[in-house]
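Scroll down for the structure; my scribbles are underneath it.
Excluded from the calculations below are hydrogen atoms, water molecules and symmetry mates; all remaining heavy atoms, backbone and side chain alike, are included. Order of the sequence lines fixes the chain letters, A, B, ..., with proteins taken first and strands second; residue numbering starts at 1 for each chain.
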Protein chains: 4
Amino acid sequence: MSDINTNWQQPAFNIVRCGHIELVVTDLARSRAFYVDTLGFVVTEESADVIYLRAYEERQHHSLKLRQGSKAMIGHIGYKVWSEAHLDALAAHFVALGCQTQWVNGVEAGQGRALRVRDPLGFNTEFYYDMRNVEWMMQQFHLYRGPHILRIDHFNLHVPDVAAGYEYYRQLGFRCSEYAVADPPEVGLWAAWMYRKPGVHDVALTNGYGPRLHHVAFWLPESAAISRCCDILAAAGYKDSIERGPGRHGLSNAFFLYVRDPDGHRIEFYTNDYYTGDPDFEPVRWVLSDPKRATFWGSYAPRSWFEESSVVTDGENGTMPLTAPKFAPKPVAVN
Amino acid sequence: MSDINTNWQQPAFNIVRCGHIELVVTDLARSRAFYVDTLGFVVTEESADVIYLRAYEERQHHSLKLRQGSKAMIGHIGYKVWSEAHLDALAAHFVALGCQTQWVNGVEAGQGRALRVRDPLGFNTEFYYDMRNVEWMMQQFHLYRGPHILRIDHFNLHVPDVAAGYEYYRQLGFRCSEYAVADPPEVGLWAAWMYRKPGVHDVALTNGYGPRLHHVAFWLPESAAISRCCDILAAAGYKDSIERGPGRHGLSNAFFLYVRDPDGHRIEFYTNDYYTGDPDFEPVRWVLSDPKRATFWGSYAPRSWFEESSVVTDGENGTMPLTAPKFAPKPVAVN
Amino acid sequence: MSDINTNWQQPAFNIVRCGHIELVVTDLARSRAFYVDTLGFVVTEESADVIYLRAYEERQHHSLKLRQGSKAMIGHIGYKVWSEAHLDALAAHFVALGCQTQWVNGVEAGQGRALRVRDPLGFNTEFYYDMRNVEWMMQQFHLYRGPHILRIDHFNLHVPDVAAGYEYYRQLGFRCSEYAVADPPEVGLWAAWMYRKPGVHDVALTNGYGPRLHHVAFWLPESAAISRCCDILAAAGYKDSIERGPGRHGLSNAFFLYVRDPDGHRIEFYTNDYYTGDPDFEPVRWVLSDPKRATFWGSYAPRSWFEESSVVTDGENGTMPLTAPKFAPKPVAVN
Amino acid sequence: MSDINTNWQQPAFNIVRCGHIELVVTDLARSRAFYVDTLGFVVTEESADVIYLRAYEERQHHSLKLRQGSKAMIGHIGYKVWSEAHLDALAAHFVALGCQTQWVNGVEAGQGRALRVRDPLGFNTEFYYDMRNVEWMMQQFHLYRGPHILRIDHFNLHVPDVAAGYEYYRQLGFRCSEYAVADPPEVGLWAAWMYRKPGVHDVALTNGYGPRLHHVAFWLPESAAISRCCDILAAAGYKDSIERGPGRHGLSNAFFLYVRDPDGHRIEFYTNDYYTGDPDFEPVRWVLSDPKRATFWGSYAPRSWFEESSVVTDGENGTMPLTAPKFAPKPVAVN
């Protein structure tokens, strides 16, 4: 796979970046206390059933949508696209793939026409160009609250077949920054980190029961802000929400923290990965058994981090059925 | 002066630390917007005329008192003392010095008996043991606002004769961490940093028209918090309040920022000085002309920093007359 | 200009990012002490006359080349390009512009075929695809020295006519993140920040005697690293190299520091700007007289910062003649 | 115990602070690679068998002494005392306690007369006034290496009977900042944090097989330096040395990291505790079962942290026999 990026071709459309996510939550007021009052997300717009949130650096209407529902799950994940014309090209691509597609317009506040597809991995995925710019809070430092969350960074998805998921995203124009192979390596691809904007990823695919969302990540300005996030959460009574970290990833080099929201959705706070935009960027290869891969410092993740993830809506009232992963889940080492 | 600390003797009383300051301000609401809404000081108690504030690490009732008045000036500076008995010993000391003394009790909210003196340097100085403990905010991280001000650290006083001021504070049991001599050095003592708690100072004395308060300093947790203070002040419309810094002091090694409150009172935000509590701590000697003394990085201070300071109340409706300093003020170099 | 980015078209080539710079220095050993011993740049390769340096995050052979010469000047600035074919397209573009072009191959260590042009702004500009990957130091944290410089970020160029320079770079596919207009605004464009990678800039153009390089910037991980840079420089005897900062830019929102190398070449240390990669990113407009533009905190720059810049080689033994700027230099306010 | 500090009396001697520790190590070269090459301790003096180290802020000859031996153990712990006369008063105190005492002079490089006692808790404890000042590295920022260790902060000792240990240190003039009681609380004192300098502690006593040293702690400037310590250790091949953290202690509020040296001696890196010097400082009381006590964020410590500690020399060739603790060790919860 070392030639993955040099052999890469731009498709007929340009997906710009990971854009927003819709989380279905079971108690909207409780989620508001977590995301807004404690973590400091900015409310762009809200109603009885929905809250649209953004982080301090973001100019567009929302990167995080919370929707009241009867079951905690992922509504959809959204990618920003270069132009309206590219949306049409994407629609053609998905029709050719045999995927179910749907055009929506104004279904989300602040957003125009969007393409929704049930992607081959089972996720409800949205592509959009048109989202309204709103007030930029970036230099309103006196209004910052919480640990200073700046912008959405990436999605991490559990899929049963990472090699297939990798190929799907490669055809969407994603490049690969890092990947992990099972041990012994001939077994196959265990995980892949793929990007459109030139950081480590807009989406990561990891072997597991899928489709599920392992986490959505937000960018913070520096490592100390991530440590401060723990202080804030613990002081506010969310000690048990802190699941893993803070620490340094071997993979991505990022400083990280994983927390669980009141419904168990996993959020990563993330900073200081690196630039990947060179055409001859050679992906970094890891072997699954390397202890520095997950945490550069060698610390273990708790069992929940390996086993629990958010299921995704089936578009009706239920959730997508899960498929067992190609590789048995890694046995969890606890210390 | 290199034997100053080894020859030091504990007097019959134990002054513990710089404790609180009373600032007279001309528009209390305007000062509240600055200190509370923007800088995040915690309000312990307030009335139409007075606001008692504390910082996040402080357990006692107040370290900063704002009092409405018709003229901006310093009401008093206050030192915490080891016991009630030590207050009596201090009273005897000041009577022997021929100073005017006064016992007050309950004049300040949260505070019991206190000794107020017009000290030989002309300052209205208070000594107290009894101040009420209030709710400790230190681990209420979710309630922190502003740049995270933790505790009062020191006073910096302009006095006409630093050698005399030094001798006065030495008799109060203060030790010396660093001092600056005029250049050529035989001219005399230009400034002295003196401490009771084992940091660099509880009080600094610098050559200038006196009695005036150059600044009162508060401790922050780390250098990045001090930089963040600039972001917050500028965003909140207090850009012109930022007078000097951030920077690293040569003297004290502390990371610093000087700001001016709406009445022109100067506040220093300060962190990362060093431990001075060893009995054989040898004071650091600086020559006034050393450019690294004031700012280790060599940057210049603005003219206002050298020339403007807060006058002090005369206990009636006026302010204490100023005496010209022993040494002509240093010519100000601007870049 | 608010539609600058939405009207933008990708040309027939893809310039990826600001890549490297060649500084001609008059005492290579003295420059090595500054860049390597003090600032911690990693030496990839060196000879009696040339040192090739990279920063900790960089995988390619060099981002900073120091060359011994008799006069301090800029050798060339280099942009990384997407492919060899794009180099050919760029050559055609410059021929059409009537610019002098030259193919070199192996002239720089670690680098293959490259296109050198005398660009319309008078700079010696190189475009290259082929540069060798070398050992990645990013996670060799135990070997980090100095303030932890991570990667090259941008060039800042003085040009006599910013509007013309803007048009030149726009045709190269650069987009605009922020710009400043003279005051009154009808006078014209004073400065523009233009990018290929989705940060604030790969190149900035500012009104001034040109062609000159105002500075080259390197990225650091966080604001505290930039403050630490001052500590290190001052301790190592380079106090006078610190020219401006640290501070927060209004424009770009970055935390910054400007230093001068032993030949007077200006280096910016820079971190925490923001993401600009959305297709509908609307450039930020500043008026030159806004005091928050340069430093969000309102502090002034020294006169040298406005007046001194590095001249550029004429490709022979001399330097390019300077053209007076369209607008008279801004009068310098000092505090 | 809430009146512990207000009832406190200064004895006839003044112990100033935790001063230095002697670690017996089994491979001095291996320990040098860890402490000097990786962590950046400054070598004051060394020979084939002994290395004397200090941290960047320290002016005295050493705070950490490594001595080659055949078995890993603690040589002695040392407290700095106010004067030579106080040493004599201490000697009288220990004779009255029936402890074995010994005067040494020049046994340690850089140090004069010192009193060594086998204290009632079984530790080989040294008291000294006379230690030579050496070059101060504090502002030699260009020479800092490693995570920037500044000064020794405290010892943490395992003792079988904390109440007895507490009384012993109280008679030495130590005050109490925080303490933990077993659950239910009537069972007794589980741990106590005691100080002479006005931070949280110079010594902590915790219930366990004793005499053993749980850890010696060093102060770093800020939380990010502690995270950086993990990066450095992992990069240098000491991943397995990272035992616990980084995290925020509930008790002491400090940001912390525990590492194990090549012999298993435990070092804590520590910063940002708080000021305790007020005479009416009321100790903070914790119940052992409170999960925020150890780590404010609620994370668990590994089993080794609870079970492994350094034994202490018996002054001959062996180590002190261990006594079982009054309370059974807390069952270890792992996640």
*Residue pair B:Pro279 / D:Val81: nearest heavy atoms and the distance that separates them*: CG-O, 3.8 Å
_Which portion of D:Thr271 sits near chain B, non-hydrogen atoms under 4.5 angstrom_ = neither
*Using a 4.5 Å cut-off on heavy atoms from C-beta on, say whether the side chain of B:Pro221 contacts that of D:Glu222.*
no
*Select, from D:Met131, D:Gln60, D:Lys197, the one with the greatest count of heavy-atom pairs under 4.5 Å involving chain B.*
D:Gln60
*Under a 4.0 Å N-O cut-off, is there an ion pair linking D:Lys80 with B:Asp280?*
yes
*Interface moiety of D:Glu58 toward chain B, non-hydrogen atoms closer than 4.5 Å*: neither
*Is it the side chain or the backbone of D:Asp273 that comes within 4.5 Å of chain B heavy atoms, both, or neither?*
backbone
*asked:* I need the residue from B:Ser223, B:Ala224, B:Pro198, B:Gly250 with the largest number of non-hydrogen atom pairs under 4.5 Å to chain D.
replied: B:Gly250
*asked:* Would you compute the distance between atom CG of D:Asn253 and atom CG of B:Leu150 and round it to the nearest 0.5 angstrom?
replied: 9.0 Å
*For D:Gln139 against B:His249, the heavy-atom pair lying closest together*: NE2-O, 3.5 Å
*Heavy-atom distances under 4.5 Å only: say whether D:Arg196 touches chain B with side chain, backbone, both or neither.*
neither
*Taking the six-membered ring of D:Tyr275, is the NZ or CZ of B:Arg151 close enough (under 6.0 Å from the centre) and on axis enough (within 45°)?*
no
*Should we say atom CD of B:Gln9 is surrounded by more than 12 heavy atoms from elsewhere, each under 6.0 Å from it?*
no
_Please classify the contact between D:Asn133 and chain B as side chain, backbone, both or neither, with a heavy-atom cut-off of under 4.5 Å._
side chain
*asked:* What part of B:Tyr129 gets within 4.5 angstrom of chain D, counting heavy atoms only: side chain, backbone, both, or neither?
replied: both
*Cationic N near anionic O, under 4.0 Å, B:Arg59 to D:Asp278*: no
*Flag the pair D:Tyr274 / B:Trp219 as yes when their ring centroid distance falls below 6.0 Å, and as no otherwise.*
no
